[in-house]
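See structure below.
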Amino acid sequence: MYIFHKSSDLKDYLGKQKAAGIKSGFVPTMGALHSGHISLVSQSKAENGLTVCSIFVNPTQFNDAGDLAKYPRTTEEDIALLTAADCDVLFLPEVDEVYPEGQQLKEHYDLGYIETVLDGAYRPGHFQGVAQVVEQLLRLTAPDRLYLGQKDYQQCMVLKRLIEIKKLPVELRIVPTSREADGLAMSSRNRRLTEPQRALAGLIYQCLISIQVKKNMQTFAIVEKECRDILEKKGFKPDYIQLADANTLELLTDYSPDREMVALIAAFIGDVRLIDNLVL
Ligand code: AMP
């Protein structure tokens with residue numbers, strides 16, 4: 001696996017591969033890699049001649065400085081995992097390489113409604129930072145396909161919108177969520193859970209399943225309250241337990257059988273904020 005630290009070196013190398021007609025897939029990550037990330041790499045490898053992964057903990061998408069400081073960094077293990085997965089290229093830049101002109105946003109991205117709800121409401125500025133870094137990384141890597149995880153459902157919608165408004169010539173591929181045996185969505189943040197917290201964390205997925213199972217039996221208000229009570233009793237602090245239209249993220253107050261729906265949960269356990277979702 002080639003490892004590039006400098007944007008110019010990466011651009012030169014990838015430019016040559018493109019000129020040789022090789023199709024490439026790009027997997028942007030913030031590191032602390034797990035099998036979920038690797039499933040994106042594997043799908044890219046199956047669909048492209050060249051797979052590029054980036055590891056960059058993007059400061060501009062953290063609205064909480066403490067969260068940024070505590071974000072796990074495990075570069076040596078990450079390199080070992082990517083090497084074992086036969087990833088072709090790793091981009092491992094410092095902040096200045098990604099933002100040579102400084103971290104301030106050059107423009108406000110017109111992300112529309114999707115930026116205002118759910119995580120957009122709880123993490124102001126977060127999706128602007130996500131759009132900023134992904135646009136920058138896409139311009140550097142110029143891939144044919146971009147691989148994102150469904151685990152970050154709203155992020156996928158934001159980046160779909162970014163691709164549309166910026167007319168970026170890339171195909172978006174969304175990869176299903178990889179889960180632990182108890183259903184917990186794999187996440188770099190799971191490393192920060194204590195043992196007792198980890199033992200409880202699967203409850204978030206159980207709540208999503210119960211929202212799915214009860215869709216023809218009860219109103220969503222009742223199911224939402226049951227889930228909230230269960231989570232709160234175990235010490236979680238839910239930001240939201242929400243039903244939405246799977247295509248627009250329009251928030252739904254009740255099950256709507258004529259629509260494709262997604263259930264989304266964000267909850268703190270201690271100071272670790274976990275998110276998950278399930279398309280019903
Ligand atoms: P992150 O390093 O958390 O920024 O994630 C990098 C990419 O991996 C994003 O597209 C995530 O949605 C994706 N990802 C994270 N966790 C999972 C998972 N459990 N299953 C599938 N994809 C994931």
Side-chain angles (χ1 to χ4, degrees), residues 25-47 51-64 67-68 70-75 77-79 81-82 85 87 90-93 95 98 114 118-119 123 126-138 141 143 145-163 168 170-193 198 201-202 204-205 208 249 262 264-266 272-279:
F26 177 49
V27 181
T29 82
M30 298 207 298
L33 301 183
H34 48 67
S35 321
H37 295 113
I38 299 303
S39 74
L40 273 61
V41 170
S42 303
Q43 187 164 333
S44 171
K45 280 198 65 75
E47 296 175 351
T51 291
V52 182
C53 177
S54 65
I55 296 178
F56 178 62
V57 183
N58 174 35
T60 72
Q61 73 186 66
F62 285 83
N63 53 317
D64 172 354
D67 192 24
L68 171 61
K70 280 183 263 173
Y71 201 84
R73 291 163 203 251
T74 59
T75 309
E77 287 106 308
D78 292 350
I79 291 172
L81 275 177
L82 290 172
C87 183
L90 169 60
F91 183 41
L92 197 56
V95 174
V98 177
I114 37 171
L118 301 167
D119 275 354
R123 303 185 67 189
H126 168 65
F127 287 124
Q128 289 291 320
V130 169
Q132 177 193 26
V133 74
V134 173
E135 181 184 14
Q136 188 68 358
L137 291 171
L138 285 175
T141 52
R145 300 190 180 95
L146 168 66
Y147 292 82
L148 300 175
Q150 189 183 323
K151 185 205 160 237
D152 297 282
Y153 195 91
Q154 190 173 6
Q155 173 168 280
C156 291
M157 295 189 73
V158 162
L159 294 176
K160 182 166 173 260
R161 168 100 179 154
L162 173 77
I163 290 167
L168 299 171
V170 65
E171 183 189 341
L172 177 55
R173 310 283 279 138
I174 296 175
V175 181
T177 304
S178 298
R179 299 182 179 282
E180 304 287 355
D182 65 349
L184 174 65
M186 290 182 182
S187 166
S188 306
R189 288 191 161 84
N190 295 350
R191 294 171 188 254
R192 295 187 42 228
L193 299 173
R198 172 63 193 86
I204 293 178
Y205 183 62
L208 289 169
L249 273 197
V262 59
L264 307 106
I265 295 181
V272 183
R273 187 175 186 273
L274 299 177
I275 60 170
D276 200 356
N277 66 82
L278 192 66
V279 175

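First listed ligand is number 1; within each ligand, the first listed atom is number 1.
Heavy-atom contacts of Met186 reach the following atoms of ligand 1: 16 (N), 17 (C), 18 (C), 19 (N) (cutoff under 4.0 Å). Of all atoms in ligand 1, numbered sequentially from 1 with element shown, those under 4.0 Å from a heavy atom of Met30 are 1 (P), 2 (O), 4 (O). Proximity to Gly36 (heavy-atom distance under 4.0 Å) selects the following atoms of ligand 1: 18 (C), 20 (N), 21 (C), 22 (N). The distance from ligand 1 to the heavy atoms of Pro28 drops below 4.0 Å at these ligand atoms: 6 (C), 7 (C). In the vicinity of Pro176, heavy-atom distances shorter than 4.0 Å reach the ligand 1 atoms 20 (N), 21 (C). In summary, the atoms of ligand 1 found under 4.0 Å from a heavy atom of Leu148, numbered by their order in the structure, are 10 (O). Interface atoms of ligand 1 facing Thr177, defined by a heavy-atom separation under 4.0 Å, are 19 (N), 20 (N), 21 (C).
For the pair Leu278 and Tyr205, the minimum side-chain heavy-atom distance is below 4.5 Å. Considering only heavy atoms from C-beta on, Lys45 stays 4.5 Å or farther from Val27 through its side chain.
Arg123 and Asp67 make their closest contact through NH2-OD2, 3.9 Å (heavy atoms, listed as atom of the first residue, atom of the second, distance). Nearest heavy-atom pair across Thr177 and Ala185 is CG2-CB, 3.8 Å. Between Pro28 and Ser54, the shortest heavy-atom contact is CA-OG, 3.3 Å. Across every non-hydrogen atom of Asp152 and Asn277, the tightest pair is N-ND2, 4.5 Å. Of all non-hydrogen atoms in Gln154 and Leu118, the two that sit nearest each other are OE1-CB, 3.3 Å.
Using a 4.0 Å cut-off between heavy atoms, His37 contacts ligand 1 through its side chain alone, with no backbone atom that close. The proximity of His34 to ligand 1, defined as any non-hydrogen pair under 4.0 Å, is limited to the side chain. Contacts with ligand 1 closer than 4.0 Å are made by side-chain heavy atoms of Leu40 only, the backbone lying farther away.
No heavy atom of Ala32 sits closer than 4.0 Å to any atom of ligand 1.
Between the side chain of Ser42 and the main chain of Ile38, a donor-acceptor pair closer than 3.5 Å is present.
The protein heavy-atom contact nearest to atom 3 (O) of ligand 1 is Tyr71 OH, 3.8 Å. Nearest protein heavy-atom contact of atom 11 (C) of ligand 1 is Asp152 OD2, 3.1 Å. Ranking the protein heavy atoms by distance from atom 20 (N) of ligand 1 puts Ser178 N, 2.9 Å first. Of all protein heavy atoms, the one lying nearest to atom 23 (C) of ligand 1 is Gly149 CA, 4.1 Å.
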Q: Quick one: do Leu33 and Ile55 satisfy side-chain contact (heavy atoms from CB on, under 4.5 Å)? Show the steps, please.
A: CA-CA 9 Å; Leu33 301 183; Ile55 296 178; 4.2 Å; yes
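Salt bridge status for Asp64 with Lys70: absent, with no side-chain N to carboxylate O gap under 4.0 Å.
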